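For reference, the structure discussed in these notes is given below.
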Amino acid sequence: MTTQNDAVPIAFPDFPEDVQLTILSFLNQSEISTFSCTSKRFYSLCNNDSKLWFSLCDRKFGSKTRIKKWVTGQITYKRLYKTLCELEGLIGFWRRSGQSKNCGSPGNVGDQTPALVYFQWGDCFISGCRVSGSREGGYDVVKRPCFWICLNSEGECVSFLDPNCRVEGFEELVAKCDDLGFVENELIPVNVNFMGGGHVVVEENVNYVSSSGSGEIRKSGVVKVGSPRGEEGDEGVENVIGSPVMSDMYQYFANRTSPGAGGERWSRRQRRREKVKKCWKKWEPEHYVKIVNCSPTPARPLQGLWKGICDDMKLDFYLVAYDDIGGIACRRVEDSSKPFSGYAPVFWTSNTTFIESPFSPEENYIYDSRTHLRPPDASDCIHGDEAVARILYINSSYDLVIPDLAETSVNPRQVEGRIWQYGNGTFGFGFLRDNHIVDLKLITRNDHLLDTS
Amino acid sequence: MKKLKFIGNPLLQSREKINMSSDKKWLTLKTTEDNEEFVVEESVAIMSNVIKNMVEDGCASSVIPVPRVKGNAMGKIIEFCKKHTEESDEKVLKEFDAEFLNLGPDALYDLMVSANFLEIKVLLDSVTTKVADMIKGKSSEEIRNILKIENDLSAEEIEESRRENCWTRQE
């Protein structure tokens, strides 16, 4: 922000062109549009895709992704800029709204869309990772990609859901899209639609057609042909009008995946395609809500996304948010087949004033007489002998709203609990009705996922 | 008659003393347009990618000739680079930059062109950001006035340009 209000005129047309482009790279789309109306020369400069629009992409996204790798076929940098600006809204943490409507086989939550997703930039794609505790137990967090969003050669977004996180890398994804040998329920083409206000809907893209193959094999073992209007036309590589296609992406990577595309392989596919029936299982749309405020601030020290071991010895994720009426709410974000799964309430408190040390003997007793819940491998200890710095009362818990417990009389002791904030900023919570402490640790830093194992 | 400028420890009186200073390496930059010489620490001088490459390639002799940059601009550039090498607090640097860039248009122009030529990214970004800030949120006419751009578009052409770019306005 310049301190001079009335800018002294400066002879911009005399600047070297690369300096002009550097200046323009700081502007946004609408400012460029205004600038392009200043003169013929700058109109043509502003429409110079490879110079100006590349600079804009590079200025805004160059540090996050590899701009040039996104561009295949005829995608202009202008189009890419607009697309990347939209996709940028996805970056960060999202939680599924409501229980997953796509229940997997009993006991296997893998088929569900994940409850907690972290979207991040890739070289030429955006991946959305399922965030979960590691299979070994303990406090380790793993992220495995299950959403893939990239562009086809026409610059349209193409998205896939891989509910079992089988695909580990982008090149593997491209290879699988071209390969007819899909494992059942592997890749589902989806549309990720922005509804505004930090809300997206992930819906199955039933119009998806890959001209190089015929989509994926669904549970019934039958190959799905996506579009009812999919006219395959000639054998080979042509695109179906209006549909995103993978053949272009395949061709882009053809050097690395399969030399000698075309010919024998294509005709095999064509023959197989002609044998299939049109039959698919419908994937229900899932809604996701963006998690803002993923990290604590000095004014809101408990805010953010945390991990902790609960009484079932599994790692769970907890979202603590400060509401508009001066309260703090904690909810568990999890993949589970239990009721209220996805976003289960844990506690709420309206009293956000901390009690400072030194504490009364009664408070000390309440804390000291408890066990900290630890993973089975006790050496994985995150708190050591961390001293309690401050205490907060929990004066409300959500047990009251769970139908099973409606029989229980409202015992004040049932709803009370404590939050113990430690010197290093982490905290633990517990209820007076039991003698546990769930210790929490952050999984974010500056709204990014902390390094996972 | 050559003018010798010492940028660095003001207590040092002669070039010999500087060369004997064991910990720091010093370079002499000479602007060939007006024959001004500047003695700077190498760590400051290599903020310029051009000079850095020369030093790394081993073709930097005791005196590095710098064309196209005037003495005044060179002095300012060295002042900027020195501050950015010494100071790491972002807030302090931001305040310094704002004060530093309080220059007239000719000086700003010289600085920008020189920073571009010498490939000093930090300085170039600072100056170009300032110019960009001058035109953000302004109308085409205002931009023309600030940047001294002559309007050679007809009314129809302006209208067409607006229409073509109208998707960019939907933000």
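Keep in mind that what you see is a predicted model, and the values were worked out from it rather than measured. Each chain gets a letter, A, B and so on, in the order the sequences are listed, and its residues count up from 1. Computation of the quantities below employed the complete heavy-atom set of this structure, encompassing side-chain atoms and omitting hydrogens, waters and symmetry-equivalent molecules.
Within 6.0 Å of CG in A:Asn446 there are 12 or fewer heavy atoms belonging to other residues, nucleotides or ligands. Other residues, nucleotides and ligands place more than 12 heavy atoms under 6.0 Å from the CD atom of A:Glu86. Within 6.0 Å of atom NZ in A:Lys290, more than 12 heavy atoms from other residues, nucleotides or ligands are found, so the atom counts as buried in its surroundings. Within 6.0 Å of NZ on B:Lys94 lie no more than 12 heavy atoms contributed by other residues, nucleotides or ligands.
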Audit row: B:Asn151, A:Thr38, side chain to side chain contact (heavy atoms under 4.5 Å, CB included) steps and yes/no: CA-CA 6 Å; B:Asn151 183 9; A:Thr38 50; over 6 Å; no
Verdict with supporting geometry, A:Thr22 and B:Asp125, side chain to side chain contact (heavy atoms under 4.5 Å, CB included): CA-CA 8 Å; A:Thr22 308; B:Asp125 278 354; 4.2 Å; yes
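Pairing each heavy atom of B:Arg144 with each of A:Cys37, the nearest pair is NH2-O, 2.8 Å. Among all heavy-atom pairs drawn from B:Ile149 and A:Phe12, the shortest one is CD1-CD2, 4.4 Å. Scanning both residues, B:Lys136 and A:Leu27, for their nearest heavy atoms gives CG-CD2, 3.7 Å. When all heavy atoms of A:Pro16 and B:Val113 are compared, the closest pair comes out as CD-CG2, 3.9 Å. The minimum heavy-atom distance linking A:Thr34 with B:Lys138 is given by the pair CG2-O, 3.5 Å.
When side chains are defined from C-beta on, B:Thr129 does not count as touching A:Ile23, because their heavy atoms never get closer than 4.5 Å. Two residues are said to be in side-chain contact when any heavy atoms from C-beta on lie closer than 4.5 Å; A:Pro9 and B:Asn145 fail this criterion. No side-chain heavy atom of A:Glu31 sits less than 4.5 Å from a side-chain heavy atom of B:Ile135.
The backbone N or O of A:Lys40 lies less than 3.5 Å from a partner atom in the side chain of B:Asp152, making a donor-acceptor pair.
Contacts with chain A were tallied for B:Gly137, B:Ala132, B:Ala115, B:Ser140; B:Ser140 has the most, counting heavy-atom pairs under 4.5 Å.
Residue contact with chain A, scored on non-hydrogen atoms closer than 4.5 Å, is absent for B:Asp106. Heavy atoms of B:Glu157 lying under 4.5 Å from chain A belong exclusively to its side chain.
With values rounded to the nearest 0.5 angstrom, A:Asp14 atom CG is found 8.0 Å from B:Lys148 atom NZ. Put simply, CZ on A:Arg41 and CG on B:Leu153 are 13.0 Å apart, with the number rounded to the nearest 0.5 Å.
Looking at A:Phe35, A:Phe42, A:Phe15 one by one, the single match for side-chain contact (heavy atoms from CB on, under 4.5 Å) with B:Leu147 turns out to be A:Phe35.
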